[in-house]
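All remarks here apply to the structure that follows.
Heads up: numbering here begins at 1 and tracks the sequence. Keep in mind that the numbers below use all heavy atoms, side chains included, and drop hydrogens, waters and symmetry copies.
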Amino acid sequence: PLFPYPPRFRSLGGPVEKFIRHDAERGEYGPGDGEELGRYRTALARAFEPHCFERVCGDGTVLGIWGAPLPGGGFVTTYTDITERKRAEQDLRRLSSAVEHGPASIIVTDTDGVIQYVNPKFTETTGYSSEEAIGKTPRLLKSGLTPCEVYEDLGRTVLAGRQWRGELRNRKKDGTLYWGDASISPILDGGGRITHLVAVKEEITERKRAEEALAESEKRFRDFAESAPDWFWIMTADLRFSYLSERAHEVTGVELEKV
């Protein structure tokens, strides 16, 4: 039961003050002197004023309490256990905070691709404010450098109800190009129908530059190594060959995969 009253309370006709005093002594009205809280609550009850408030019980149960006077006299009060709703609201606030202050850009669109929400990180990354983005489509960010096949695969995947992951080359408001590591997922209603799409994107421009610089460095090394008259190899810390120059292969006749 919502109220674990002792048996002597479980009959009609008893004074309301008795119930109020019992609740106050159990701490149902919060911290403070039980007698004083009881008198205060009794005065409120006698005023017959409409009220609506929440009460956290000693066991953590949250009650929604609504009261209103009856036309012919008297008062009616309803008590509803709203514990699960309050937990869901708390979870939603945590999720909202994580989205608002998260390190990744988040875009929510409807099924036509019209933007309905962007988080602050989106504005920080792209330069577009929420007012500028909402009502537009993600084409706002297209650079023309991502192959059409990528967008076609993206569309097929999410409209089939699956998550799509990949890298997109986008353009910021000031014209700067940037790379984004994107995860785009459909949001389904209770009937399994797609209602929205949510995109989570992390800017990886610096990582891509580092990868491109490393690839260019490796290419220059290989070009030099293959044209050099000397022969040499590269050995790892565990004494395994990781590279043999072409000249080394010609001199030794050894294939790298056989070393």
Discussion item. Contact between Asn170 and Lys201 at the side-chain level, heavy atoms closer than 4.5 Å - yes or no?
Written reply: yes
Residues Gly102 and Lys121: closest non-hydrogen pair is O-CB, 3.9 Å
Between Arg171 and Ser143 the two heavy atoms that sit nearest each other are NH2-O, 3.4 Å
Mind checking whether Val158 and Leu168 sit in one hydrophobic cluster, side chains of I, L, V, M, F, W, Y counted as touching below 4.5 Å? yes
Residues passing the side chain to side chain contact (heavy atoms under 4.5 Å, CB included) test with Glu131, sequence neighbours excluded, are Ser129
Quick one, Trp179 and Glu167 - any side-chain contact, counting heavy atoms below 4.5 Å? yes
_Taking the basic N atoms (NZ, or NE/NH1/NH2) and the acidic carboxylate oxygens, is any pair closer than 4.0 Å for Glu89 and Arg85?_
yes
Does the Thr123 side chain pair with the main chain of Tyr128, one donor and one acceptor, at a distance under 3.5 Å? yes
Can Thr61 and Asp81 be said to form a side-chain contact (heavy atoms from CB on, under 4.5 Å), step by step?
CA-CA 7 Å; Thr61 300; Asp81 186 344; 3.7 Å; yes
Sidechain N-carboxylate O distance under 4.0 Å for Lys172, Glu124: no
Subject >> Leu159-Leu154 co-clustered via ILVMFWY side chain contacts under 4.5 Å >> reply: yes
In short, Pro69 meets Pro50 closest at the heavy-atom pair CD-CG, 3.9 Å
- Close side-chain approach of Val118 to Ile106, heavy-atom, < 4.5 Å: no
Check: Can any side-chain N or O of Thr83 pair as donor or acceptor with the backbone N or O of Val62 at less than 3.5 Å?
Finding: yes
By salt bridge (charged side-chain N to carboxylate O under 4.0 Å, His left out), Asp112 pairs with (sequence neighbours left out) none
Note to self: Tell me if a side-chain donor or acceptor on Thr80 pairs with a main-chain N or O of Ile82 at a distance below 3.5 Å.
What the structure shows: no
Would you check if Leu188 and Ile194 make a side-chain contact, meaning some heavy-atom pair closer than 4.5 Å? yes
### Task
Check whether more than 12 heavy atoms from other residues, nucleotides or ligands sit under 6.0 Å from atom CD of Glu202, and answer yes or no.
no
Query raised in the report: Counting only N and O atoms by type, is there a donor-acceptor contact under 3.5 Å from the side chain of Asn119 to the main-chain atoms of Ala104?
Result: yes
Should Tyr117 and Ile115 be regarded as members of a common hydrophobic cluster, given that ILVMFWY residues are connected when their side-chain heavy atoms come within less than 4.5 Å of each other, either directly or indirectly?
no
**Asked** Thinking salt bridges, do Lys86 and Glu54 make one under a 4.0 Å N-O criterion?
**Response** yes
Quiz item: Do the side chains of Ser105 and Glu203 get nearer than 4.5 Å, heavy atoms only?
Solution: no
### Task
For residues Gln163 and Ser183, determine if any side-chain heavy atom of one lies less than 4.5 Å from a side-chain heavy atom of the other.
yes
Rounded to the nearest 0.5 Å, the CD1 atom of Ile107 sits from the CG atom of Leu140 at a distance of 8.5 Å
Closest heavy-atom pair, Thr111 versus His196, reported as atoms and distance to 0.1 Å, is CG2-N, 4.4 Å
From the list Thr109, Ile187, Val108, side-chain contact (heavy atoms from CB on, under 4.5 Å) with Leu197 holds only for Thr109
Query - Polar side-chain atom of Thr157 near backbone of Arg162 as donor-acceptor pair, under 3.5 Å - result: no
Practice task
Using a cut-off of 6.0 Å, state whether more than 12 heavy atoms not belonging to Gln116 lie near its atom CD.
Solution key: yes
Q. Does the side-chain contact (heavy atoms from CB on, under 4.5 Å) test come out yes or no for Tyr178 and Thr125, once each step is laid out?
A. CA-CA 9 Å; Tyr178 73 102; Thr125 300; 4.0 Å; yes
Exercise for the section: Dump the intermediate steps for side-chain contact (heavy atoms from CB on, under 4.5 Å) on Arg165 and Ile184, then the final yes or no. Expected result: CA-CA 6 Å; Arg165 293 190 65 94; Ile184 303 175; over 6 Å; no
Quiz item: Are Trp164 and Val198 joined in one hydrophobic group, where the rule is that I, L, V, M, F, W and Y side chains link up if heavy atoms are under 4.5 Å apart?
Solution: no
query: Heavy-atom distance under 4.5 Å between the side chains of Trp66 and Val76, does that happen here?
result: no
